[in-house]
Amino acid sequence: MAGSTTIAAVRAREVLDSRGNPTVEVDIRLDGGATGRAIVPSGASTGRHEAIELRDGDPARHEGKGVLRAVAGVNTIIAPAVCGSTDAADQPALDEFLRELDGTSNKSSLGANAILGVSLAAAHAAAAAAEQPLYRYLGGPDATTLPMPMVNIISGGRHAAAGLDMQDFLAIPIGAETYSDALRMVVDVYRAVGRILTQMGPYAYGVADEGGYGPPMPCHEDALAILYDATRMAGYRSARNGDIAIGMDVAASEFVDGDGSYALRAEGRSFTSRELADLLAHWCDTYPIISIEDGLAEDDWDGWEYLTQRLGASAQLIGDDLFTTNPQRLAQGADAGIANAVLVKPNQIGTLTETLETVRLAQERGYLPVISARSGETEDTTIADLAVATGAGQIKVGSITRSERLAKYNRLLRIEEELGEGGRFAGREVFARFL
Ligand code: PGA
Ligand code: ZN
């Protein structure tokens with residue numbers, strides 16, 4: 001579908017995400033007839049330094065979580081400003097224009113949810129006009145690497161009703177030869193964990209926000225032990241260099257106190273920053289943990305220095321709330337030598353161009369990028385294509401239940417099939433430096 005890529009029409013609406021919360025969907029049509037759609041996700045354990053998600057704050061509607069103001073901003077401010085004049089195929093110029101139109105440093109005027117919806121919908125429309133899948137359009141002919149999935153199995157923190165303070169216990173199928181094998185292996189582990197939880201009786205399990213189990217559990221080490229045992233029950237080697245390794249998202253910013261101490265209800269005590277880092281290091285000695293996200297809080301940079309010295313050579317240390325997909329924060333972190341990986345969530349920063357800049361910066365500075373979903377998701381699959389487009393090597397989307405998660409995993413299965421012999425799986429090599 002060749003033809004003009006000038007934006008002809010932009011239309012936003014309020015739709016619902018996987019928690020039933022309102023979110024922004026944007027449709028874009030180009031002069032040549034091509035169309036693109038994007039839906040913006042939403043976090044629960046949001047970082048303080050994220051771009052602002054505009055919500056109505058009207059308690060009479062969706063408990064204040066409506067996004068009608070963000071939708072109106074797209075339809076009455078952005079649409080007239082870009083229609084007839086802006087080229088969807090020039091993403092950097094479009095995104096720069098949207099930032100200027102907003103005029104704030106954290107996108108609080110129009111809202112990062114409004115801006116990202118337009119930014120991503122334009123990319124989809126431009127890819128359609130070029131008659132290319134999004135990953136090829138954004139990444140060119142070299143975009144052939146399928147990411148290693150890091151899959152949530154047990155949830156705590158803000159994503160589960162009861163139990164653990166720490167947020168994610170993940171399976172990383174480092175021994176898989178292909179992406180589809182990787183997915184099948186973690187499904188085996190997920191089922192085995194379900195069998196263990198059922199046998200434990202009082203550990204009734206429910207489905208948490210990202211599709212993993214959210215059981216009430218007395219302590220964090222139980223979750224690690226269950227994941228370890230389940231992996232072996234499923235017939236895999238649970239080892240740093242085996243078939244399946246363990247990842248954690250501590251999401252420590254969620255349980256840090258005003259005085260900088262970390263209160264773990266499950267352990268029934270508070271930890272200093274150094275004690276928490278030491279506890280994580282101890283777990284790394286006991287279990288095959290290869291990746292830890294937000295092991296300490298977003299503003300505890302001294303603690304992060306210690307954590308990185310302690311574990312940075314043997315484990316991937318991901319900054320999520322720490323960096324908030326912000327190139328400036330990542331550059332500061334790289335200068336300070338803290339963490340060695342960055343979680344990449346487009347809605348933390350608010351445009352596709354800045355998201356790609358963060359990935360590029362990470363790759364330049366030797367930080368591993370991990371493309372990530374939010375806990376509030378939709379059927380939108382943009383991040384699956386983004387992972388392949390950037391060759392990021394890793395993706396974190398939640399568990400292998402709930403269709404807002406499977407939409408991404410299944411999209412990657414289709415891309416795997418499409419690439420065929422021309423594709424490759426990131427595989428164990430991603431973690432080579434830690435093994
Ligand atoms: P969030 O969780 O989307 O609720 O922030 C995801 C994560 O912390 O990685
Ligand atoms: Zn996180």
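Start at 1 and go down the list; that is how both ligands and their atoms are numbered. This structure is a prediction, so every number in the text was calculated from the model and none was measured.
- Annotation: ligand 1 has protein neighbours G43, A44, S45, H159, Q167, E210, D249, E293, D320, L343, K345, R374, S375, K396, each with a heavy atom less than 4.0 angstrom from the ligand.
- Residue pairs satisfying the salt bridge (Lys or Arg N to Asp or Glu O under 4.0 Å) criterion with at least one member in residues 225-236, sequence neighbours excluded, are absent.
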Applying salt bridge (charged side-chain N to carboxylate O under 4.0 Å, His left out) to K408 and D380, what does each step give before you reach the verdict? CA-CA 8 Å; K408 283 72 159 172; D380 185 285; 5.9 Å; no
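- A donor-acceptor contact shorter than 3.5 Å is absent between the side chain of R191 and the backbone of A234.
- Within the structure, the salt bridge (Lys or Arg N to Asp or Glu O under 4.0 Å) test picks out the following pairs touching residues 384-393 (sequence neighbours left out): D385-R411.
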Stepwise side chain to side chain donor-acceptor pair (under 3.5 Å) check, Q316 with E293: CA-CA 8 Å; Q316 170 168 259; E293 179 178 331; over 6 Å; no
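- With sequence neighbours left out, Y190 forms a side chain to side chain donor-acceptor pair (under 3.5 Å) with no residue at all.
- Here NE2 of H282 is found 5.5 Å from CD of E221. Values are rounded to the nearest 0.5 Å.
- In this structure, OD2 of D320 and OD2 of D249 enclose an angle of 170° at the Zn ion (ligand 2), rounded to 10°.
- Distances from the Zn ion (ligand 2) to the N/O/S atoms of E293 are shortest for OE2.
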